[in-house]
Each structure stands twice: as structure tokens, then as C-alpha cells.
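Heads up: the structure comes next, in C-alpha cells.
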Amino acid sequence: SGRPPVFAQRAGSSRACHPAPVAATRIPHRFRQHAGLRRSLPNASDQENPMTVSLLPGHPHFAYHGNELHAEQVRLSDLAQQHGTPLFVYSKAAMLAALRAYQRGFAGREVQICYAMKANSSLGVIQVFAQAGCGFDVVSAGEMQRVLAAGGSADKIIFSGVGKTRAEMRVALAAGISCFNVESEAELEVLNQVALELGVRAPVSIRVNPNVDPKTHPYISTGLKDNKFGIAHERVVQTYQRAARLTGLAVKGIDCHIGSQITTAEPYLDAMDRMLDLVSAIEAAGVPIHHIDLGGGLGIDYRGETPPAADLLWQQLLTKLDARGFGDRALMIEPGRSLVGNAGVCVTEVLYLKPGEQKNFCIVDAAMNDLPRPAMYQAYHQISALQPRQDAASTWEVVGPICESGDWIGHERDLAIQQGDLLAVLSAGAYCMSMASNYNTRNRAAEVLVDGARVDLIRERETVADQMRHEHLVQG
Ligand code: LLP
């Protein structure tokens, strides 16, 4: 069914750059199942290796110490008690470690890493990346305002998206952003007009559609011919020639983004080849290309997937770039999920257990409004008890309280649980809170950022008054 292998090996080159788990606690065998550790036991010798058995997605920043799931040095159960559930908990060290893998990969190169903040646009998260020197890939004026509010600088912002409005173009030009990634010929004309009205030149890249298959879920595959994104390969050169003639535009670079949750290097290597072919053709037609932006898309481990580590991926891509004689070009990338996905978990409480003839339901207080990925993409998120019990596990359908059957968090999960227990939904740092809704008039969850032993509440739990603030009864 296209599911990734459950028992995938974790050791090996793609893990080489992860720091060793800190004080990894060996989980007794009876706990492994509900701690979600079965898949990390590929062979007998690994069972003897406590470093292997204790790995969760997000390790070593999320790990069991003394039968308690921690975020860095903080017990998640303490956070749940203090802040209530559902609660998103992020590890700052995990974000910075993910960023460092990219920085290592680009050492010695001219690069701008632009965090694709749609993955998680909470101010406290943006602030971490702004302080670490990142730029940002935004897809709305709202996202741009968030960057500025969190202390990021406009001159490191790139603006992507197929439907930028004139108003958004105006505010982005006024702020002085680094580049617009233009997605159609019609958008190019409008951006030119808006820039001329303001008396400025808009820096542009053209997002090309390289027509490569990223082999991911169809909803998050963006670089195929029949996707709505980018300008078709065949039209790229003439579009650049047109852009170069428009006096409100300044051509800067070329851009592509082929999809998300990509777990092998091949689609990137193919996309790079096609991009470089285009750069040659565009420059032969007289338009110089200063930077190459290869988008985001690198996948993470949700369920034993082994995407290439960012530094190893870029080693391969840079080797290709050099071999083809483009080693002098400035680079840009737009990673989202790979910077934050495994830097966050969602802590939720078991409200009710409802064993049945066909299925056992475990009803938790997080729902599809907090964690939309299972309902939207049939996505898998590991679910682990904060304080694993020694009892025998049963198989549960983990579901939320929302009034539709699409509201599920995990199918057929083996868990030893009781009412009132706390669970962590792992790999919840990306595309969870940023996609959360108020469906069923549920308040969006609170968020905390952990840094060592320090805990900061970066988003208060929403209230119903917050939700109703901008609504009006009809008068009279
Ligand atoms: N750049 C552009 C132009 C994008 O459209 C995206 C994501 C990114 C960068 C960042 O991609 P990442 O590194 O995060 O894969 N909601 C879906 C994912 C949608 C991705 C949309 N575009 C999910 O939960 O899987």
C-alpha cells in the first residue's frame, strides 16, 4: 500500500550526523511495544544495544529517561500537568540540530537557508530560526508579518506561492524582500506593474516545473507536469527573456520545489540536472542567473523512513553542481518539515477507553483539528505513552472527540493504557499546529518550547472568547 517499511534499519550513513542519544535509557522489553520501539529492533544483536532500542523519531531530544518520556531535560508529564492537554512541545535543540545538518552540508558555500515557515509558523519557532541566521520562505503577507514580528529580517525573505495578490506584492516590495519566486507568466506581468507603480524593481526567480516524480503522496507532490505549480520546462527560456525585458523586474535566480516528504536523493539529483540544463539555456539566451533555489521537501522519519541526512544529500548535489561547472552560483533552499517535524510532539490525554467487538477505541483529547495529517493524507504518526505501563498491550483505534469518522490519529496501535494516561503523538512539529483549525469550536492547543531545562510558553491555549472575537450577531 506504499507504506514505508516498519522495521527499517536505523543505523547507517543517513544517521551518521545525529548526535549520540544523551543518557539513553534501556527500555525493558515489556515496554517496547507500547513505547513504539518494535521497529527499531531489526535483529538480535541490536536488542543488546540500548542506543538502538531507545530511539524514537526525534531522538535524542525526545527520549525516555527512567520510564518517563522527556523533551530534552523536561518530563512531558510535568508539562501536561502545568499547561494542560492537548499540548504541543517543541525542542529547540532538535530544531538547531536539524539546521546544523544543512549548515554543515553547505560549509564554504554562498547559501541562504530559508525556513519554509508554513511547516510551523508560531512566533517562538520562527524566532529560533531567525536568531540562528535563517531566512524565510513565505507564502502570504501574513507569514511575512510573522517573520518581522519575530525579529527576522526582510532582506532574507523569499516569497513563494501561485496566487500572490497585488496587495501582498506591494507590502513585500515595500519591506524590501530578497526575492519573489514567480509561478506564472501572468504573475510576472502583474508584479512588473506593481513594482513600476512603486518605482522599484522587483527581484525575481522563476519557479520552474522540472517534471520529476518525488514519489510522495499526490497531495504533496508539486513538481510534476500536471501540478498547478511553476512554469513548464518548455516555456522557461522564453519566460526569462520576457522577464528580462520588463523594466519593473530584476532577474535574480531560478527556483523549483518538487514536493514534500521526499525520502531518497534521486528526485533531487534529477531536479538539479534539469535545473542546470535550464540555467545553461537561459544564460545562452542572454539572461544571467545568480542563484539556484532547489526548494524544500526533504522527508523525516515518521515510521522508520530513512531519508538522506541533509548534509549527505547536499554533498551529492554539490558534487554534481561542481562537476557541471556551476559551483560558483549562490544557493538557496526552502526546507520546512526537515527542520521542525521531529522537533515537536503533541501530548494528549486518554479521555475514554471503549473496547468493542470489532475494534477498541481510545478516545483522546487531541483531534483532527489539532493533528490534521492523518485525516488529510492518511499520515502515520507514532503514538507513545509518556509513562509506559508494564501491562500487556491491546490494539486500539486512537481517535479524537470530533464528530466524524475521519477524526482518527492512529489505526491499530498496540498500547497498554488506561483512562487518564498521557500519550505523545510524535513527529508533530511540522504541519500540525500550522494547519490546526477550530472545527467543532475547539480551541487551538497551547505550545511550549523547551531549551535544556528551560520551558517557555510560546502560545497560550486559545479561548472560546478568542474564537468569537470577530463575530457579530445581526442587530435589530
Ligand atoms: N517551498 C515551497 C514552495 C513549498 O510549497 C513547500 C511546501 C516547501 C518549500 C517546504 O517543503 P518541506 O521541506 O516542508 O517538505 N501539509 C503537508 C505538506 C505540504 C507541503 C507544501 N509545500 C503535510 O503535512 O505533509
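Atoms within a ligand are numbered from 1 in the order they appear, just like the ligands themselves. Side chains are part of it too, since the values below use all heavy atoms of this structure and drop only hydrogens, waters and symmetry mates. Bear in mind that the values here come from a model prediction, so they are computed numbers and not experimental data.
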Original post:
With a 4.0 Å cut-off, would you call Asp456 and Lys92 a salt bridge?
Top reply: no

Original post:
Can Asp293 and Arg207 be counted as an ion pair, charged N to O under 4.0 angstrom?
Top reply: no

Original post:
When you look at Asn369 and Arg442, which way does the side-chain hydrogen bond (donor to acceptor under 3.5 Å, both in side chains) test go after all the steps?
Top reply: CA-CA 8 Å; Asn369 74 301; Arg442 288 170 52 85; 2.6 Å; yes

Please work out whether any backbone atom (N, CA, C, O) or any side-chain heavy atom from C-beta onward of [X] is under 4.0 Å from ligand 1, and answer side chain, backbone, both or neither.
X      : result
Ser260 : both
Asp137 : side chain
Tyr377 : side chain
His257 : side chain
Arg373 : side chain

Go through ligand 1 atom by atom and flag the ones less than 4.0 Å from a non-hydrogen atom of [X].
X      : answer
Arg207 : 3 (C)
Gly296 : 9 (C), 13 (O)
Ala116 : 8 (C), 9 (C), 10 (C)
Gly297 : 11 (O), 12 (P), 13 (O), 15 (O)
Met435 : 16 (N)

**OP:** Could you verify whether a donor N or O on one side chain and an acceptor N or O on the other, from Asn181 and Ser160, lie under 3.5 Å apart?
**Re:** yes

**OP:** Classify the side-chain pair Tyr302/Gln382 by whether it contains a donor and acceptor separated by less than 3.5 Å.
**Re:** no

Judging by distance only, is a nitrogen or oxygen of [X] under 3.5 angstrom from one on ligand 1?
X      : answer
Pro335 : no
Gly336 : yes
Arg337 : yes
Tyr431 : yes

Original post:
Would you say the side-chain atoms of Glu72 pair up with the backbone N or O of Ala93, donor to acceptor, closer than 3.5 Å?
Top reply: yes

**OP:** Enumerate the residue pairs fulfilling salt bridge (charged side-chain N to carboxylate O under 4.0 Å, His left out) with a member in residues 148-169, sequence neighbours excluded, ordered by first and then second residue.
**Re:** Lys164-Glu187

Original post:
Do His70 and Phe62 make the cut of ring centroids closer than 6.0 angstrom?
Top reply: no

Subject >> Nearest neighbour of atom 22 (N) of ligand 1 from the list Gln261, Lys118, Met117, on a heavy-atom basis >> reply: Lys118

Which atom pairs, one a donor and one an acceptor, fall under 3.5 Å between side chains of residues 142-149 and the rest of the protein, sequence neighbours left out?
from, atom 1, to, atom 2, distance (Å)
Glu143, OE1, Val139, N, 2.9
Arg146, NH1, Ser121, O, 3.1

**OP:** Give me the one residue out of Gln238, Arg242, Arg235 that meets side-chain hydrogen bond (donor to acceptor under 3.5 Å, both in side chains) with Glu185.
**Re:** Arg235

